[in-house]
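What follows is a single structure, written as structure tokens, with notes after it.
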Amino acid sequence: MIIADELINWYRNNGRDLPWRHTKDPYIIWLSEIILQQTRVEQGMPYFYRFVESYPNVKAFAEAGEGELLRLWQGLGYYSRVRNMHKAAKMVMSDFECVFPTQYEEVIKLSGVGEYTAAAISSFSINEKKAVLDGNVFRVLSRYFGIDTPINSTSGKKQFLALANEVISDSHPGLYNQAIMDFGATVCKPKAPDCENCVLSLDCVALKNGLVANLPVKIKGKSSRNRYFHYFVVEKEGAYLFAKRGENDVWANMYEFPLIETQQEVSLEELKEQDEYKVYFGDVEIEEIGEPIKHILSHQNIYARFYRVVDEQNNIEKKPSWNYYNSDNLDKLAKHKLIFSFINKYFMN
DNA sequence: AATACGGGGCC
DNA sequence: GGCCCAGTATT
């Protein structure tokens, strides 16, 4: 296929020099690929260095503590990725004789490794001929071939995967996979693609028909819901009260200040009328710290307020799951963005 | 087939 | 405010 040769040729001259491209080690490739899921290269880069240094091989990763891993992942988002990585690393030790697998059919068995990541690892490490299908590939192929099937529909995924596997280079599948993704990221971009300097422009159906801005087609998702969080900052002798979040909500198992959630925006007076509030804080003095913070996630808008609780008489009814941590211990807890940015703003000196 | 799951950059 | 990013697991 001509398109594959063009892309590889373009890539040899214009590809980005990224650290994970200097290795065939499936473990290192896996590390980079999981980090880069739904994450821009610049955002994931520091985390990649951090993890390679802390855990140079799969054995070290498998032997790490869950909390330690989560702490290192802190701030990157989609935290189930690192939990699945831990599972996967342990699977490598137990089911793959401590050797990180390279074949598509083997790596896809690992937790957190789906079709994309399995194709990436197998093609980059041993040149297995499996086409990657990520956001970049969807975009390049949909524009070049002028395909308007929604990329997030079941039939669309099937159609594009089949096409990607037709287009892939026979002789250099790994290089081709790198090339089409890099090309999508730097030339055939979502906004303002560089069609003037595009090596595929002659045969690009979208460009010919003025449809570049309309492709790829994507079905719109659900809109966000609003949530109202009230965090209570309780300090006692230099230690702070922290709670661990549950399993089945955003930021699973991460740490934060004790929280009361309400369905609507409520005033401080209304908050004090909540049963939950009465149980825990009764009539201790509280004062709001700073302004409310709007924290936006893909599928929810969180409006967070923080209150300082003065508990000189030791009147707080502490939940068993709440614990006090001094600043050293606090630093080791995996906290989500909303909490650690608050801490950095108000507590760091 | 649809939805949850983070955080950040860009327009 | 909406879209997108080297997607996957779950329902």
Side-chain angles (χ1 to χ4, degrees), chain A residues 11 15-16 18-21 29-48 70 73-85 87-88 107-121 123-124 131-140 150-158 160-161 164 174 176-186 188-193 213-225 227 245 247-254 294-302 334-341:
Chain A
Y11 180 70
R16 290 174 293 183
L18 301 173
W20 43 85
R21 290 183 173 165
I29 296 169
W30 166 74
L31 219 46
S32 71
E33 290 303 336
I34 305 289
I35 287 172
L36 291 172
Q37 286 170 5
Q38 294 293 285
T39 304
R40 279 164 302 102
V41 166
E42 313 83 72
Q43 192 186 357
M45 190 88 76
Y47 288 84
F48 173 74
L70 204 51
W73 196 270
Q74 177 175 281
L76 194 55
Y78 284 166
Y79 298 95
S80 64
R81 284 185 288 177
V82 75
R83 263 187 277 278
N84 283 141
M85 287 175 98
K87 268 191 225 164
V107 279
I108 202 165
K109 292 175 184 165
L110 301 174
S111 302
V113 175
E115 287 185 333
Y116 162 79
T117 306
I121 295 174
S123 68
F124 299 161
V132 292
L133 184 55
D134 75 332
N136 294 304
V137 179
F138 275 121
R139 192 167 53 253
V140 173
I151 60 172
N152 53 348
S153 66
T154 304
S155 62
K157 285 174 196 159
K158 211 174 145 187
F160 279 98
L161 186 59
Y176 159 82
N177 277 339
Q178 300 272 23
I180 191 166
M181 288 194 285
D182 221 34
F183 182 79
T186 61
C188 196
K189 298 174 287 186
K191 301 261 169 86
N214 303 329
L215 294 173
V217 173
K218 199 170 190 175
I219 302 164
K220 304 252 184 296
K222 264 181 45 171
S223 58
S224 303
R225 64 179 169 132
R227 304 176 74 175
R245 291 184 64 81
E247 296 272 2
N248 303 316
D249 196 358
V250 71
W251 299 317
N253 299 327
M254 301 191 78
K294 183 178 183 183
H295 190 82
I296 301 170
L297 305 178
S298 310
H299 50 290
Q300 45 188 293
N301 304 317
I302 294 171
K335 300 169 284 294
H336 54 83
K337 176 69 184 355
L338 180 52
I339 295 300
F340 72 70
S341 60

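In what follows, chains carry the letters A, B, and so on, assigned in the order in which the sequence lines appear, proteins first and then strands, with residues in each chain numbered from 1.
- Residue A/Leu297 contributes atom CG, which lies 16 Å from atom C1' of C/dC3 at whole-angstrom precision.
- Regarding A/Tyr78, its OH atom lies at a distance of 14 Å from the C1' atom of C/dA6, rounded to whole Å.
- At the heavy-atom level, A/Arg139 lies under 4.0 Å from the strands shown only through sugar-phosphate atoms.
- Residues forming a salt bridge (charged side-chain N to carboxylate O under 4.0 Å, His left out) with A/Lys158 (at least two apart in sequence, or on another chain): none.
- Between A/Tyr11 atom OH and C/dA6 atom C1' the separation is 11 Å, expressed in whole Å.
- Counting any heavy atom pair closer than 4.0 Å across all strands shown, A/Gly44 reaches no nucleic acid atom.
- Along DNA chain B, read 5' to 3', the first and last nucleotides having any atom under 4.0 Å from a heavy atom of chain A are B/dA1 to B/dG9.
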Steps toward side chain to side chain contact (heavy atoms under 4.5 Å, CB included) verdict (A/Tyr79, A/Asn253): CA-CA 9 Å; A/Tyr79 298 95; A/Asn253 299 327; over 6 Å; no

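- Comparing C/dA6 with B/dC11, their P atoms sit 15 Å apart, to the nearest whole Å.
- The separation between A/Leu76 atom CG and C/dC5 atom P is 16 Å, rounded to whole Å.
- Of the possible donor and acceptor atoms, none in the side chain of A/Arg227 sits under 3.5 Å from a partner among the backbone N and O of A/Gln300.
- A/Tyr47 pairs by the ring-ring contact (aromatic ring centres under 6.0 Å, His included) definition with nothing, not counting sequence neighbours.
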Hey, what are the protein-to-nucleotides 8-11 of chain C N/O distances that come in under 3.5 Å?
| unit_1 | atom_1 | unit_2 | atom_2 | d |
| --- | --- | --- | --- | --- |
| C/dT8 | OP1 | A/Gly114 | N | 2.8 |
| C/dT8 | OP1 | A/Gly114 | O | 3.4 |
| C/dT8 | OP1 | A/Thr117 | N | 3.1 |
| C/dT8 | OP1 | A/Thr117 | OG1 | 2.8 |
| C/dT8 | OP2 | A/Tyr116 | N | 3.4 |
| C/dA9 | OP1 | A/Gly112 | N | 2.5 |

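- Base engagement by A/Leu18 is indicated by at least one non-hydrogen atom pair under 4.0 Å involving a base atom.
- The CG atom of A/Asn136 sits 12 Å away from the P atom of C/dC4 (whole-angstrom rounding).
- A/Ser80 comes within 4.0 angstrom of no nucleic acid atom, judged by non-hydrogen atoms across all strands.
- The aromatic ring centroids of A/His295 and A/Trp251 lie less than 6.0 Å from each other.
- Between B/dA1 and C/dC5, the distance separating the two C1' atoms is 23 Å to the nearest Å.
- The separation of C/dC4 from B/dC5, taken at their C1' atoms, amounts to 16 Å, rounded to a whole angstrom.
- We find that CD of A/Gln43 is positioned 11 Å from P of C/dA6, with the value rounded to whole Å.
- When the P atom is compared between C/dA9 and B/dG8, the two are found 24 Å apart, to the nearest whole Å.
- Annotation: the span from A/Asp182 atom CG to A/Gln178 atom CD amounts to 7.5 Å, rounded to 0.5 Å.
- Judged as a ring-ring contact (aromatic ring centres under 6.0 Å, His included), and not counting sequence neighbours, A/Tyr176 has no contacts.
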Scan the side chains in residues 213-222 of chain A for donor-acceptor partners under 3.5 Å anywhere in the protein, sequence neighbours excluded, and list what turns up.
none

Would you please test A/Tyr78 and A/Asn84 for side chain to side chain contact (heavy atoms under 4.5 Å, CB included) and show each step? CA-CA 11 Å; A/Tyr78 284 166; A/Asn84 283 141; over 6 Å; no

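- As judged by a 4.0 angstrom heavy-atom cut-off over every strand, A/Trp20 is placed among the base-contacting residues.
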